[in-house]
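Scope of the values below: all heavy atoms of this structure, side chains included, with no hydrogens, waters or symmetry mates.
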Amino acid sequence: MVVEEWKKSGIATKFPTYRNSKLITSQGWLAGKCEDDEAEGLWRINDGIYDFTDFIHKHPGGSFWLQETKGTDITEVFEVHHFSSVPAKMIEKYKVADAAKPRIYTLTLNENGFYKTLKRRVVDKLKNLDYGPKQKSDIIHLALLISMFVFAVASVKFNSWLYTILAGTTLCWTVISAHNYFHRRDNWRMYTFNLSMMNFCAWRISHAMSHHIYPNSYLDLELSMFEPFLCWVPNLHIKSLMMRYVSWVTEPLVYAIAMYLQIGTRIVYSLLHTNIMYWHDIISLSIPLSMYLSSDWNLLMCIRQWLLITAIASAAFCIIGLNAAHHDPRIHHEGDANREDRDWGLFQVDTIIDRGDLKKSQFLVLTHFGDHALHHLFPTLDHGILPQLYPVLYQTLDEFKGELRECNHLEHILGQHRQLLRIQPNLLPPGSQKL
């Protein structure tokens, strides 16, 4: 029945294979895309098949992006991660054939559509932007990183709950601000994401390649990985009465152990299938090590304290992240009626209600997933410079019957819980009237 419901509103012509797996993982998602994407074992962009094998280690953004996506359709990822016209010209020498079958994705990137029109205007705007705020983002991130270690050490030296909570909070903010950097070419700041026990490589798949490209759809790993504990899809056939109401009770526990679940799932997958652990998974151990070296506590006590700090960070991360932009009965989810204009950029805006209460503070934007719509549309740009793009965004939205909606954090929290209860799809397509 899930497949039948999806056929009416899915963003692809095939039901995603990975959704049939018992254990939802980033690697399983990629394997499913290799099976579904009609990329003929290579890389697909629009209706062309490309062989980037010899270019993998020459890729300016790092080898990871091409290494992990072989066998998949990377059309949207390629489009949103490149501003210059040079890559589009350069890849022609790697083209080996026209695709034998049509793309399975129904979202469009037409030259005169919303996204490409907006992108051309943004590219022009970038020539005269003030890039000072980008340096401020770097300073904020570094200050949070240092503060986290200071508070973690203080929590054991003074055996203080206050410093423990501050360490957990600053760990959460460090990780969220690190997310500002792993969308881009390889850099040292992206590694600080791993302080959370999560790994930026796994998140480049689940977040940058999956969630950012296909938000609130069955292709969105960040929708799937929380099921059955939290289910935001408005579908009576997969959301039982227990799933709807018990999720309100289990939610705090899921929040507190989310970071542990991330690394636990990867360890289990590595033992049962292929190793997906990296050397930089040990970065998180720098926290208990710093506490041990600077205190009289024994190692086990420091590990216990570290786990508590991580649990606080995990809960804060989920409270912020799961109530940042995407879940509210007014927001488009899998199963809801689609707008007539299937432009990829309009689809992004339809799946978001921004946090309007963050916009006056670059610190809050960087640490609370602020300016969310612009970040989805242009993920490689620093959060600090995004506010300067609002004029062209509003202009283009007006022309294409789009709307950037806003609310505050409390309204998002309440809306997210209403979405957990929702089982009936919205029958009114986005863009047909203002919500």
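Using a 4.0 Å cut-off between charged nitrogen and carboxylate oxygen, Asp51 and Lys95 do not count as a salt-bridge pair. By the 4.0 Å N-to-carboxylate-O rule, Asp336 lies close enough to Arg422 to be salt-bridged with it. Under a 4.0 Å N-O distance rule, the pair Glu79/Lys119 qualifies as a salt bridge. A salt bridge between Arg103 and Glu76 is present, with a side-chain N of the basic residue lying under 4.0 Å from a carboxylate O of the acidic one. Electrostatic pairing of Arg44 and Asp47 counts as a salt bridge here, judged by a charged N lying under 4.0 Å from a carboxylate O. Look at Glu227 and Arg19 and you find a salt bridge, because one of the NZ, NE, NH1 or NH2 atoms lies within 4.0 Å of a carboxylate O, short of that distance. Ionic pairing of Asp382 and Arg184 is present here: one or more N-O contacts between side-chain nitrogen and carboxylate oxygen are shorter than 4.0 angstrom. Here Arg204 pairs with Asp186 in a salt bridge; the nearest charged N to carboxylate O distance falls below 4.0 Å. By the 4.0 Å N-to-carboxylate-O rule, Arg355 lies too far from Asp371 to be salt-bridged with it. Between Arg339 and Asp350, at least one side-chain N (NZ, or NE/NH1/NH2) sits under 4.0 Å from a carboxylate O, which counts as a salt bridge.
One finds the CG atom of Leu366 at 9.5 Å from the NE2 atom of His179 (value rounded to the nearest 0.5 Å). Rounded to the nearest 0.5 Å, atoms CZ (Phe182) and NE2 (His207) are 5.0 Å apart. Here Thr367 contributes atom OG1 and Asn180 contributes atom CG; the two are 11.0 Å apart, rounded to the nearest 0.5 Å. Of the inter-residue distances, the one linking His383 atom NE2 with Leu364 atom CG reads 12.0 Å to the nearest 0.5 angstrom. Atom CD1 of Ile11 sits about 9.5 Å away from atom CD1 of Ile213, to the nearest 0.5 Å. Atom-to-atom distance recorded for Leu377:CG and Leu389:CG is 10.0 Å, nearest 0.5 angstrom.
In terms of modelled atom types and a separation under 3.5 Å, the side chain of Thr69 and the main chain of Thr72 share no donor-acceptor contact. Checking side-chain atoms of Asp37 against main-chain N and O of Ala39 turns up no donor-acceptor pair under 3.5 Å. For Gln362 (side chain) and Pro133 (main-chain N/O), a donor-acceptor pair under 3.5 Å exists by modelled atom type. Between the Glu406 side chain and the Asp354 main chain, no donor and acceptor come within less than 3.5 Å of each other. Distance alone, capped at 3.5 Å, is enough to place a donor-acceptor pair between the Ser295 side chain and the Trp297 backbone. When atom types are taken as modelled, the side chain of Asn408 and the backbone of Leu410 share a donor-acceptor pair closer than 3.5 angstrom. Put simply, the side chain of Trp29 gets close to the backbone of Leu219: a donor and an acceptor are under 3.5 Å apart. Between the side chain of Ser21 and the backbone N or O of Tyr18, at least one donor-acceptor pair lies under 3.5 Å. Formation of a donor-acceptor pair under 3.5 Å by the Ser210 side chain with backbone atoms of Leu221 is found in this model.
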For a side chain to side chain donor-acceptor pair (under 3.5 Å) check, start with the C-alpha distance between Thr17 and Asp36, then their side-chain angles and the critical distance, and finish with the verdict.
CA-CA 7 Å; Thr17 297; Asp36 298 337; 2.5 Å; yes
Decide yes or no on side chain to side chain donor-acceptor pair (under 3.5 Å) for Asn323 and Gln416, but give the supporting numbers first.
CA-CA 6 Å; Asn323 302 285; Gln416 189 256 140; 3.0 Å; yes
Is there a side chain to side chain donor-acceptor pair (under 3.5 Å) between His211 and His376 once you walk through the steps?
CA-CA 9 Å; His211 168 71; His376 261 251; 3.3 Å; yes
With side chain to side chain contact (heavy atoms under 4.5 Å, CB included) as the test, would you mind laying out the steps for Trp306 and Thr310 before giving the verdict?
CA-CA 6 Å; Trp306 166 52; Thr310 303; 3.5 Å; yes
Chi angles and distances behind the side chain to side chain donor-acceptor pair (under 3.5 Å) call for Tyr269, Thr274:
CA-CA 7 Å; Tyr269 189 92; Thr274 304; 5.3 Å; no
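At a cut-off of 3.5 Å, with distance as the only test, no side-chain donor of Thr174 or His141 sits close to an acceptor on the other residue. If you check the side chains of Gln135 and Tyr131, you find no donor sitting under 3.5 Å from an acceptor. Residues Thr108 and Arg342 bring no donor and acceptor atom of their side chains to less than 3.5 Å of each other.
Ring centers of His327 and His412: at least 6.0 Å apart, outside the cut-off. Ring centroid separation for the pair His326 and His333 does not come in under the 6.0 Å cut-off. Not less than 6.0 angstrom separates the ring centroid of His368 from the ring centroid of His409. Between Trp173 and Phe363, the distance from one ring center to the other falls under 6.0 angstrom.
Summarising the local packing, CG of Asn298 is surrounded by more than 12 heavy atoms from other residues, nucleotides or ligands at distances under 6.0 Å. More than 12 heavy atoms of other residues, nucleotides or ligands shown are found within 6.0 angstrom of OH on Tyr50. The number of heavy atoms from other shown groups lying within 6.0 Å of CD (Gln67) is above 12. Within a 6.0 Å sphere centred on OH of Tyr292, heavy atoms belonging to other residues, nucleotides or ligands number 12 at most.
When each of Phe114, Tyr115, Tyr214, Tyr105 is checked for a ring pair (Phe, Tyr, Trp, His ring centres under 6.0 Å) with Trp344, only Tyr115 meets the rule. Considering Tyr181, Trp203, Trp188 in turn, Trp203 is the only one that fulfils the ring pair (Phe, Tyr, Trp, His ring centres under 6.0 Å) rule with Phe193.
Ring planes of His59 and Phe55: perpendicular class, angle over 60° (limits at 30 and 60°).
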